[in-house]
Q: 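Structure provided below as structure tokens; questions to follow.
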Amino acid sequence: MQPIERISVWNTICAAGNFSGRFLCGAEAVINFSDLIRGTSLQGRAEELRGRSVLIRTRDQLASALAIIGLDGLARRIVICPPDLQTEDLRFIAASTRADAIVSDLPDSSELSGFRTVIPCGTQIIPANCDRSAVQATEWILLTSGTTGAPKMVVHTLETLGGTIESDVSLVRRPVWCTFYDMRRYGGLSIFLRAMLGGDSMVLSSIGEPAASFLARAGAHGVTHMTGTPSHWRRAIMSPAAHMVSPPYVRMSGEVADQSILDRVRSFYRANVSHAFASTEAGVGFVVNDGLAGFPSAWTGTRHIEVDLKVEDGTLRLRSRRNAICYIGGQSESIRGPDGYVDTGDMVELRGERYYFVGRRDGTINIGGFKVHPEEVEDVIHQHPQVRMALVRARKNALTGALVTADVVLEREPNSADDRSAVQHEILRLCRDLLAPHKVPVAINIVPELPVAATGKIARRCA
Amino acid sequence: MSVRSAVMNEFDQVAKEQSVQLAQLSDDLAILDSGLDSLCLAVVVSRLEDELGVDPFSSAVAGEQLPVTVGDFIQLYEDAIERQRV
């Protein structure tokens, strides 16, 4: 069969030409485009992965970025593992995606056993020994947190991921993109592809890198477009190193951007500050450039810059070529409704002529861009023998958007204040032992009862 | 308890809870160098709201910048409590 000629990230970079001064910067290495196009980071073994389903599992973000560029157009499917993916989930993901090959920068990891092909990868580019002109449309699998513990697997293509919204880029001669996000999740990946497909440079973040050194690195590379959650930006402008960057364009997404953070960042950097709506399933929805929180209600019911928006039953729905294709694995639900719209699950409220985001319909709590499903925290609290019922909800917080808090009904009223505080501490200890730090409640409130809805379930949305 | 000791106390408490090594606190120390990350700070801010009844981070005064040092942080709370009294 003749291979179909399609666009891949690597071919797009090559076709753009003019590599001088273009780079991809990680915490430990900087790769110039002129080197990037000479090969891959896959030890000259890329050809072994042609047409296969491959897991990309790295410690370093740059290693993932280079592996993606090496494999797009070559592998049948790439599965991009986020840094917090648990080993037990990795097995499940590999089985669901039929991945029998893994590329990794952790050569000694026990996770690598059981794969037919294991290829070490890093940040060194060596000749690929393979024909990059013969390309196939690679399926990109992104992982997003699911309600039941195991991550959901979302299928994208280069077309859905790379369909960007043109806006302020043309105003800068040589954009240098930078994001606080991890490029192995949708938010970071879409920026990464924006940069690569546009032939632009990019500075990647790194887990565990102190804010000050990341900002210094970004500043040294002259970033022009910088993105992150409102929580990332609050942290940035509280850093003594905040002035090491001076991006003319700042974008926020991943969390609700309120007016105060938009104003603070605008006045701090004297930058054009926009905020965007995107999700792994719906893709990039829209960018709000007028500096105000929320978005104009006039955008709904019409086609607004390549996306159809509507609000139904109180949640925002989007239809565009950036929508994901489908879920894979045990997921029976479909991404789009019968009308072709993706229900984002984000509730909006009309005030005046704008819609404002007011939380998630399923009660999911967003803590600095990280999702917490109340049920998983409640399950842990219920393990305490004295707990009869628990309700986990969001508590507003000006630094991370929200924190988790828990209302708990005990089997019997504590006898004394000491008893009460002892139980509270035990529950908190249980949470700390079993949950990631951002999922641990900031407080355990002992209450006499919890509101129960007509369905017999605990009323999740209390006014 | 003074605002200063309430703040110091919470820094200490949250650091213990999150098993974070807290730096020697001084007014000149950058908050982000204290060992507390954004999540820890968010917890501190919530606890202080319960304890002191103010949250200067959410009731921002126009033109006010976010605190950079521990001294700025304490000052922010002292000012907020002062405003509340007036």
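Because the structure is a prediction, the values reported are computed rather than measured. Here is the naming used below: chain letters follow the sequence lines, and residue numbers restart at 1 for every chain.
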Q: Indicate yes or no for a side-chain donor-acceptor contact from B/Arg47 to the backbone of A/Ala443 under 3.5 Å, with no hydrogens or angles considered.
A: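 A pair under 3.5 Å: no.
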Q: Hey, what do you get for CE (A/Met238) to OG (B/Ser38), rounding to the nearest 0.5 Å?
A: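 Between atom CE of A/Met238 and atom OG of B/Ser38 there are 8.0 Å.
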Q: Indicate the atoms forming the closest heavy-atom contact of A/Ile367 with B/Leu39, along with that distance.
A: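 Scanning both residues, the minimum pair turns out to be CG2-CD1, 4.1 Å.
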Q: What's the spacing between A/Ser239 OG and B/Asp33 CG if we round to 0.5 Å?
A: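 Separation between the atoms: 7.5 Å.
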Q: Can you confirm whether A/Phe370 is buried at CZ, in the sense that more than 12 heavy atoms of other residues, nucleotides or ligands lie under 6.0 Å from that atom?
A: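 At most 12 heavy atoms, drawn from other residues, nucleotides or ligands, come within 6.0 Å of this atom.
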Q: So, for A/Ala398 and B/Asp55, which heavy atoms are closest and what is the spacing to 0.1 Å?
A: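 Scanning both residues completely, I find the closest heavy atoms to be CB-OD2, 4.4 Å.
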Q: Output the option from B/Cys40, B/Ser46, B/Ala30, B/Ser19 having the highest count of non-hydrogen pairs under 4.5 Å with chain A.
A: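 Looking at each option in turn, the highest pair count goes to B/Ser46.
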Q: Pick one of side chain, backbone, both or neither for B/Leu41, based on which atoms fall under 4.5 Å of a heavy atom in chain A.
A: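 Contact with chain A: backbone and side chain both.
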Q: Looking at every heavy atom in both B/Val68 and A/Ile237, which two are closest together, and how far apart are they?
A: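 In terms of heavy atoms, the two residues are closest at CG2-O, 4.2 Å.
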Q: Would you call A/Arg395 and B/Glu49 a salt bridge, using N to O less than 4.0 angstrom?
A: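 Salt bridge: yes.
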Q: Using a cut-off of under 4.5 Å on heavy-atom pairs, state which of A/Arg432, A/Lys396, A/Arg235 scores highest against chain B.
A: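 Heavy-atom pairs under 4.5 Å are most numerous for A/Arg432.
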Q: Counting only non-hydrogen atoms closer than 4.5 Å, does A/Leu403 touch chain B with its backbone (N, CA, C, O), its side chain (CB onward), both, or neither?
A: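 Only the side chain of A/Leu403 comes within 4.5 Å of chain B.
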Q: Quick check: closest heavy atoms across A/Arg264 and B/Phe57, and the distance to 0.1 Å?
A: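 Scanning both residues, the minimum pair turns out to be NH2-O, 4.0 Å.
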Q: Which bit of A/Arg429 is near chain B, if near means a heavy-atom gap under 4.5 Å: side chain, backbone, both or neither?
A: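 For A/Arg429, no heavy atom lies under 4.5 Å from chain B.
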